[in-house]
Amino acid sequence: MGTGVARAQDAPAASAPKVLRYAIRVAETGFDPAQVTDLYSRNITAGIFDAPLRYSYLGRPYRLEPAVTDGMPEVSDDARRFVFKLKQGVYFNDDPAFKGKQRELVAADLIYTIKRHYDPRVKSGHLYRFEGAKILGLSEVRAEALKNKMPFDYDRPVDGLRALDRYTVEIRVANSDPRLLYHFADPMVGIMAREVVEFYGDKIMEHPVGTGAWRLGEWRRSSRIVLEKNPGFRDERYHEQAPQGAKPELVEAVRRLQGRKLPMLDRVEIAVIEESQPRWLSFLRKEFDLLDDLPAEFAPIGMPQNKLAPNLAKEGVKAVRYERADVAISYFNMEDPVVGGYTPEKIALRRAIAMGVDLDQEIRLPRRGQAIPAQGIISPGVTGYDKQLKSEMSQFDRARAKALLDLYGYVDKNGDGWRDQPDGSPLVLEYSTQPDGQNRQLAELWQKNMDALGIRIRFKIAKWPENLKAANAGKLMMWGMGWSADVPDGENFLGLGYVGSKGQSNKARFDLPEFNALYRQQHGMPDGPERLAVMDKANRLMIAYMPYKVHVHRIFTDMTQPWVIGYDKNLYQRDFYSYVDIDDEALKKAHPKK
C-alpha cells in the first residue's frame, strides 16, 4: 500500500520548500517535555524546545556542547554546584500566550522548567533523574503539595535553584552528581515559558512553544505530524566535523554543509505507520526520504549478510547500521500477586519463565538476526557495560526451568494439563503487547515457549500509548517493550530497577533495599573501577531477582535516499532533521516532472 503522498518538490522550483519525509512506527503521546517519555515524542520535542546543552551531532565519542548557554556550565563543590549562563537574545516562537510581544529566554524559564518536574500534577516521567541529585529544597515543596493536596508553589524560593541575574541560574544539590550535566542535554529539560503553560493548561501537550529551530505546524493524532521551520530562530551555523573513520560520503557532506544556517530544511513531515510493510514499501517507492529503523523482517532483503543490497546501493541509497544503547525487555510487575514478590517461590517462577524463552529462535525468526543476546540490564555503548559477562539472563534451558517450577510447587494440581500455583489457584500469565506484525510474532514465540513449560499465557493487545499509560500506573502484569538510553551511562538502565523511578522508568516496580543502596552509591561516585564494581553488583542483583527478562540488545539500520545530505545516527542528539539537507538536483532526477 502506498501513502499517496505527492512530493512538494514536484511543484515549480521557485516555490518548492525543502521537505524531509519519513515515518515512525509508534504513535506519539504528545509534546510536553516533562510528561512525554516515549522515544518518538521526545525526538519531536527535541526540535521544538531547546535544552540548555546538546550533544555534538557528529562528535564521537559523544560530547556535550552549549545549546542556549554561553559556554559550558561551571561545575564546583565536588559536583554539587552548577552555574548555567544563558545566551542573551534567544527568543521563544511567537504564540498568542505572549500577547503579541517578543519573549526572550531568561533564567526564570529554566528554573520554572526544572520545577515542573516536581509538580505532582505534571506527573513527570523524569523526576527520578533530578531526585538522584536532590536539588536542595525542591523535594520538600513537592512533599508539602502532596501532603496538603494543594497546588505546587512555583513561587516559593528554594536554596538549590536560584537566578543570580536575568540570565544566570545556580543549581545546588545535596548529593554529588558528576554526570548531572548529561540530563541538561535531554529533551526532558526543553525550556518552557510559564505563561504558555498557564495559557493552555491541560492542553499543553497539544501546544508546544519553545525556542528551538522548529514549531508544530500540523498534527493529526496518531497519524501525521508536521514541523515547520521557526522563522524567528536565532543564527546557528553548521559546524560539525566528520568523525574519524567516517564514510567518504559523510566527509563530503560535512564539507558541503559547513557554515550553513540551521535548519536547512523548511518542513519535516512525519507519518505514523505501525505496520512494517507499508513503511518499507513507501521508502522503496521514494515516497519517504528516510527509513528510520529498517524493519527486522525486511533486513534479509535490504541488508543481506548485513550489507546494503546491491540494487539499493546502485540507486544511491545510503545505510547507517548501529547498535542503539538499548534493551528489549519483558517486565514482571513486582506488585502483581501472580508474578511479583520477593519470596523464593516467586523468584523461582520468574527465573523459570525467563529460562524458558528461546532467545536463539527469537533472534533468528522475528528479529531476523538484528540483535545479540543480553546478559544483564546494561546495554553496550554506555559506561558500566561488561562485554565479558555471561549470565543466566541469556540461558535457554527448558529442562532446568521445569525442574525449578516442580521444586517450588508450580505443578498441575487439578489434572487439566496446566501448572497451578503452589496454593492450588490457577497459574495464568497475562502479557500485554501491540497489534503490529513483529509483536504478533514475538507473542507467538511466548505462546510456544510457555506451552512447552505447561504455563497458560494470555495476551492483552492495545496500542502502545495505552500500554505505556497502564504500565506507569502499575496495571499490567507483564509487558514487552524497548528501552533506549537517554545518556551514555549505565545508570540510565539501572534506573529501571530503582525505587525512586517506580511508575516512571521502573515499570517493574522493583523495590529491593540492597539494590537501591547500590544505585544511590554509584550515583555519587566519579567514573572509574570502583564505580564499575558497584554497578556490576547492582546489575547482578537484577539478574538474580529477575524483575525483567532482558531479551536482547537490538541492532538497527537507517536508510536514506540519495538526495539526503549529512545524515548520521546520533543516539542522544535527537533532532537529526536540524542537521541534514536535501539535494534538489538529485531529487529532481528521482522525481522528474510529468
Side-chain angles (χ1 to χ4, degrees), residues 33-34 37 51-53 73-84 107-108 110-148 152-164 168-186 188-189 191 383-384 486-487 489-506 509-527 530-531 534-535 538:
T37 58
L53 306 175
E74 172 194 334
V75 182
S76 59
D77 191 20
D78 192 26
R80 289 186 175 88
R81 181 176 181 267
F82 305 82
V83 177
F84 292 76
L110 177 55
I111 290 172
Y112 175 73
T113 295
I114 294 169
K115 285 184 174 181
R116 285 193 76 233
H117 289 277
Y118 286 80
D119 184 344
R121 284 196 62 204
V122 174
K123 297 179 181 173
S124 167
H126 310 280
L127 175 61
Y128 69 97
R129 296 205 243 165
F130 285 130
E131 286 281 62
K134 195 169 178 55
I135 298 175
L136 298 177
L138 273 183
S139 298
E140 289 77 6
V141 180
R142 175 181 169 83
E144 192 173 301
L146 286 167
K147 179 181 177 181
N148 298 329
F152 183 87
D153 187 355
Y154 283 94
D155 297 313
R156 179 170 159 185
V158 294
D159 291 340
L161 200 54
R162 296 191 304 146
L164 301 183
T168 308
V169 175
E170 179 192 59
I171 300 175
R172 293 170 57 224
V173 300
N175 303 326
S176 174
D177 195 334
R179 289 158 294 277
L180 183 65
L181 290 186
Y182 282 154
H183 302 306
F184 284 88
D186 189 276
M188 75 168 191
V189 198
I191 303 176
T383 303
D486 300 316
V487 300
D489 187 81
E491 180 177 315
N492 201 246
F493 292 99
L494 294 178
L496 297 174
Y498 179 54
V499 64
S501 55
K502 188 162 67 170
Q504 301 171 51
S505 65
N506 183 358
R509 310 179 81 79
F510 187 55
D511 185 1
L512 184 71
E514 185 181 355
F515 176 89
N516 295 332
L518 291 170
Y519 179 89
R520 287 189 286 265
Q521 182 183 352
Q522 63 80 34
H523 177 84
M525 298 174 73
D527 290 332
E530 293 82 4
R531 179 173 182 248
V534 175
M535 296 175 81

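Remember, it's a predicted structure, so these values are computed and weren't measured experimentally. Scope of the values below: all heavy atoms of this structure, side chains included, with no hydrogens, waters or symmetry mates.
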Expected output: side-chain [X] to main-chain [Y] donor-acceptor under 3.5 Å:
X      : Y      : answer
Asn506 : Tyr498 : yes
Gln504 : Tyr128 : yes
Thr37  : Gly125 : no
His126 : Met188 : no

Could you give the distance from [atom1] ([X]) to [atom2] ([Y]), rounded to the nearest 0.5 Å?
X      : Y      : atom1 : atom2 : value
Arg531 : Gln521 : CZ    : CD    : 11.0 Å
Arg121 : Leu146 : CZ    : CG    : 13.0 Å
Asp159 : Leu138 : CG    : CG    : 10.0 Å
Thr168 : Glu74  : OG1   : CD    : 10.0 Å
Leu161 : Arg156 : CG    : CZ    : 13.5 Å
Asn175 : Leu180 : CG    : CG    : 11.0 Å

Is the shortest heavy-atom distance from the side chain of [X] to the side chain of [Y] under 4.5 Å?
X      : Y      : answer
Leu127 : Arg142 : yes
Tyr118 : Val141 : no
Val534 : Met525 : yes
Glu491 : Tyr519 : yes
Pro73  : Val169 : no
Phe130 : Asp177 : no

Looking at every heavy atom in both [X] and [Y], which two are closest together, and how far apart are they?
X      : Y      : value
Leu496 : Ser505 : CD2-O, 3.3 Å
Ala163 : Ala107 : CB-CB, 4.1 Å
Ile135 : Ile114 : CD1-CG2, 3.8 Å
Ala145 : Phe152 : CB-CA, 4.1 Å

Listed partners of Phe82 passing ring pair (Phe, Tyr, Trp, His ring centres under 6.0 Å), at least two apart: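 With neighbours one apart ignored, the set is empty.
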With Tyr112 via ring pair (Phe, Tyr, Trp, His ring centres under 6.0 Å) - residues at least two apart: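 Partners of Tyr112 under the ring pair (Phe, Tyr, Trp, His ring centres under 6.0 Å) test: Tyr154.
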Sequence neighbours excluded, which residues qualify as side-chain contact (heavy atoms from CB on, under 4.5 Å) partners of [X]?
X      : answer
Thr113 : Val189, Ile191, Met192
Arg80  : Asp77, Asp78, Val173, Ser176
Ala34  : Asp32, Arg116, His117, Val122
Ala108 : Val106

Which residues pass the salt bridge (charged side-chain N to carboxylate O under 4.0 Å, His left out) test with [X], sequence neighbours left out?
X      : result
Glu170 : Arg81, Arg162
Arg172 : none
Asp486 : Arg42, Arg129, Arg574
Lys134 : Glu140

Sequence neighbours excluded, every pair satisfying salt bridge (Lys or Arg N to Asp or Glu O under 4.0 Å) that has a member inside residues 515-526: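 Every pair satisfying salt bridge (Lys or Arg N to Asp or Glu O under 4.0 Å) with a residue in residues 515-526: there are none.
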No-hydrogen, no-angle side-chain donor-acceptor test under 3.5 Å, Ser139 and Glu131: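 Yes, side-chain donor-acceptor contact under 3.5 Å.
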Trace of the side chain to side chain contact (heavy atoms under 4.5 Å, CB included) decision for His523 with Leu494: CA-CA 10 Å; His523 177 84; Leu494 294 178; over 6 Å; no
With Asn148 via side chain to side chain donor-acceptor pair (under 3.5 Å) - residues at least two apart: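 Testing Asn148 for side chain to side chain donor-acceptor pair (under 3.5 Å), a comparison that skips the adjacent residues, returns none.
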